[in-house]
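Before any comments, here is the structure.
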Amino acid sequence: MVQYDVIAVGAGHAGCEAAAAAARLGSKVLVVTMNMQTIGQMSCNPAMGGIAKGQIIREIDALGGLSGIITDKTAIQFRMLNRSKGPAMWSPRSQNDRWRFAEEWRLALERIQNINFYQDMVSSIIVEGNKATGIITATGETFKAKAVVLTNGTFLNGLIHIGEKHFGGGRAGEKAATGITASLNALGFRSGRMKTGTPPRIDGRTIDYSKMEEQKGDVNPGKFSFSDETRPVENQMSCFITYTNSRVHDALREGFGRSPMFNGAIEGTGPRYCPSIEDKIIRFSERERHQLFVEPEGRQTIEIYLNGFSTSLPIEVQQKALNLIPGLEKAKIFRPGYAIEYDYFPPDQLHHTLETKLIENLYFAGQINGTTGYEEAACQGLLAGINAHLKINEREPFILKRHEAYIGVLIDDLITKGTEEPYRMFTSRAEHRSLLRQDNADIRLTPLGFKMGLASEERYNKALRKQEQAALLTEFMKEVNITPEEANPMLVSRETDALSVKTKLHNLLLRPQVFMDNLVSVSEPLSAFLSDNCISNDVIEEATINIKYNHYIEKEKEFAERLNRFEDIILHTDFNYHDLPSLSYEARQKLTNIKPRTIGQASRISGVSPADISVLLVYVGK
């Protein structure tokens, strides 16, 4: 029998990242998937990134993960969202070619020598002496390993709903995975049910785009990966925007009596921030219309994804409502929308490494932890794969803190607070978002990825060079003056006060109306400096943000440092909190259940008050 180091169960976004990370670090990895043809499948929308999610993809890339590279190679459109807001809110997003995305993931995994593949359904986990030591498949095959990473997505006892019809499945056209939930429940794990949904896919030949608003990509598109392996997308494809109306809503309401959402057929909790169209009509009944995005699924296909129209209504109701939407009057459905229920395991049963508390060397990543979204799954897979490799090689675990990465925020939220509904990342969840920008993910995390052995030395040196050049440009701006004669025509055109005396370039850049390209156009010394030092646009953007927002960034750093002091005060996981009667009863219950690693984590547990933290500090002090 072949002995593996790590087995990754599932080959979605989490499984792919987990397998790639562990294998590239040196582990011998087996990927077990129910269908070799759906590795890296985009189960829902053909897009990556977005609000906060784009930051996560850039963080994965900076650490040495592959999602950013795969995304760039298969992009058909790129947009930087929220440019009108501060840089902490800027979020990259791309439309992707669904087929090419899956193809690139499979090819990337096949190029990694340490990865092996096997097609079968995993039915149970082998546990020996409270350690996960392998898996058993539905056909009775046994595979042994030192660590197992479960990334089952929506497949665990998956149940698909379309109107009054429901049937087992983990995704349209694919069967559900059975056995694992029962296996884990028997070991003492708690499980629950969640629900998500997807919209109908449409024949693009039957759409009248002239009745819709065109949404083009950025004029000068960026990309996700900080590496030189990829280039910005060319020949971008457009998306389109249309809207529902009162007639559409009336048609949808006719089917509510047959909707699994309203007749009790669906028991799982759905995503609050990505509701179905029927849920929108109920929750936002005052709205006369809802925005829909018409998104191409790839360059070589006519299939279209109708973002914003997720539904589980009967097929005939879906068709009738679609044909009342401007531009979709003659639209034909390729595949109806549907809802899917699946098992998940409340993530407060995990350590910050994503290793389970009950069973050693068993890791959970992705929707099994109650999250939703490719990006959230991918970053969990990356961290689980890294930590599985580190654990079996007796190395220190890799844990990102909340002030270091959105990934750290996501995992800490899951472990500390748990989730009773599909968890989605937002910028508002990160209290240090001014520090956790998409532009500086390489500077923040590439040194960590390099130290671990996942990010290359070339990537590490590139991140250092970017940081050094940004600092050099900032100092230049502080030292070089510009005269009123040089600056005033530009300042007047930018509708800001003219100069009466010469001033530093740095001071002018602090003005909200003035940007680096404005100064380059009027300052020959600045233009020459950028040219002579081969300063890239990425460096210019980094320096500009650091100058314009320095006050906020420094305050955020001070705040993070104050909070981080609590993160360094360790709490023993075997401590009996019931021995401290000064703690509130709720605090004793919550602390016993979650077993926080630090005072900082304890302070973020719902029900643990500042007074309770004071008691813990006194105890630790003793």
Side-chain angles (χ1 to χ4, degrees), residues 2 4-25 27-49 57 60-61 64-76 94-122 135 137 143 149-155 170-175 177 223-225 227 229-230 233 297-301 303 305 365-367 373-375 377-382 384-386 388-389 454:
V2 178
Y4 292 95
D5 294 315
V6 177
I7 293 176
V9 180
H13 298 260
C16 286
E17 285 287 5
R24 291 168 63 217
L25 287 172
S27 285
K28 187 173 183 179
V29 175
L30 175 67
V31 175
V32 184
T33 174
M34 293 168 64
N35 187 348
M36 288 283 291
Q37 307 309 312
T38 57
I39 290 173
Q41 179 88 306
M42 297 180 113
S43 303
C44 200
N45 61 320
M48 292 291 282
I57 296 297
I60 291 172
D61 182 76
L66 299 182
S67 286
I69 290 173
I70 302 293
T71 300
D72 286 345
K73 286 183 175 180
T74 61
I76 60 177
S94 69
Q95 289 294 140
N96 290 82
D97 188 312
R98 184 190 300 276
W99 295 349
R100 290 278 300 111
F101 188 91
E103 179 185 39
E104 282 294 337
W105 254 123
R106 175 160 176 169
L107 292 175
L109 294 180
E110 289 183 352
R111 284 192 287 264
I112 301 173
Q113 290 298 313
N114 281 348
I115 292 181
N116 294 278
F117 303 87
Y118 192 77
Q119 180 172 296
D120 202 347
M121 182 180 77
V122 173
I135 57 156
T137 72
F143 295 95
V149 182
L150 295 184
T151 68
N152 302 87
T154 60
F155 282 76
R171 192 162 47 203
E174 298 180 62
K175 65 181 181 179
K223 63 191 187 82
F224 279 97
S225 180
S227 74
E229 187 175 339
T230 62
V233 59
E297 298 244 344
R299 293 192 185 278
Q300 306 298 324
T301 180
E303 190 171 1
Y305 181 90
Q367 286 177 286
Y374 307 146
E375 303 81 4
C379 72
Q380 291 176 71
L382 177 69
I386 288 171
H389 170 83
L454 202 54

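These numbers were taken from a predicted model, which means no experiment stands behind them.
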query: Quick check: does any side chain N or O of D97 sit under 3.5 Å from a backbone N or O of R299, one acting as donor and the other as acceptor?
result: yes

message: Assess, by modelled atom type and distance only, whether the side chains of S225 and D61 contain a donor and an acceptor separated by less than 3.5 Å.
response: yes

field: Validation row: M121, F155 side chains within 4.5 angstrom (heavy atoms)
entry: no

- request: Would you confirm whether E104, through its side chain, and I70, through its main-chain N or O, come within 3.5 Å as a donor-acceptor pair?
  value: no

Minimum side-chain heavy-atom gap R106-M36 below 4.5 Å: yes

- request: Evaluate the side-chain proximity of T74 to W99: yes if any heavy-atom separation is below 4.5 Å, no if none is.
  value: no

query: Are C16 and L66 close enough that some pair of their side-chain heavy atoms sits under 4.5 Å apart?
result: no

query: Does D5 reach the side chain of H389, with side-chain heavy atoms less than 4.5 Å apart?
result: no

field: Inter-residue atom distance W105.CH2 - T38.OG1, 0.5 Å rounding
entry: 14.5 Å

Lys/Arg N to Asp/Glu carboxylate O, E103 vs R100, below 4.0 Å: yes

field: Which atom of M34 lies closest to which atom of A177, heavy atoms considered
entry: SD-CB, 4.0 Å

message: Out of the candidates N152, L150, I135, only one should pair with V122 under the side-chain contact (heavy atoms from CB on, under 4.5 Å) rule; please name it.
response: I135

field: Sub-4.5 Å side-chain heavy-atom contact between V29 and N114
entry: no

query: Is it true that a side-chain atom of E375 and a backbone atom of G49 form a donor plus acceptor pair closer than 3.5 Å?
result: yes

- prompt: Parallel under 30°, tilted from 30 to 60°, perpendicular over 60°: which one fits the rings of H13 and Y374?
  reply: parallel

field: CZ-CG distance between F143 and D120, expressed to the nearest 0.5 angstrom
entry: 7.5 Å

task: Please check if the side chain of Q41 supplies one atom and the backbone of G12 the other of a donor-acceptor pair under 3.5 Å.
output: no

task: Could you check if a side-chain atom of T154 sits within less than 4.5 angstrom of a side-chain atom of S43, using non-hydrogen atoms only?
output: no

task: To the nearest 0.5 angstrom, please state how far the CG atom of L107 sits from the NZ atom of K73.
output: 9.0 Å

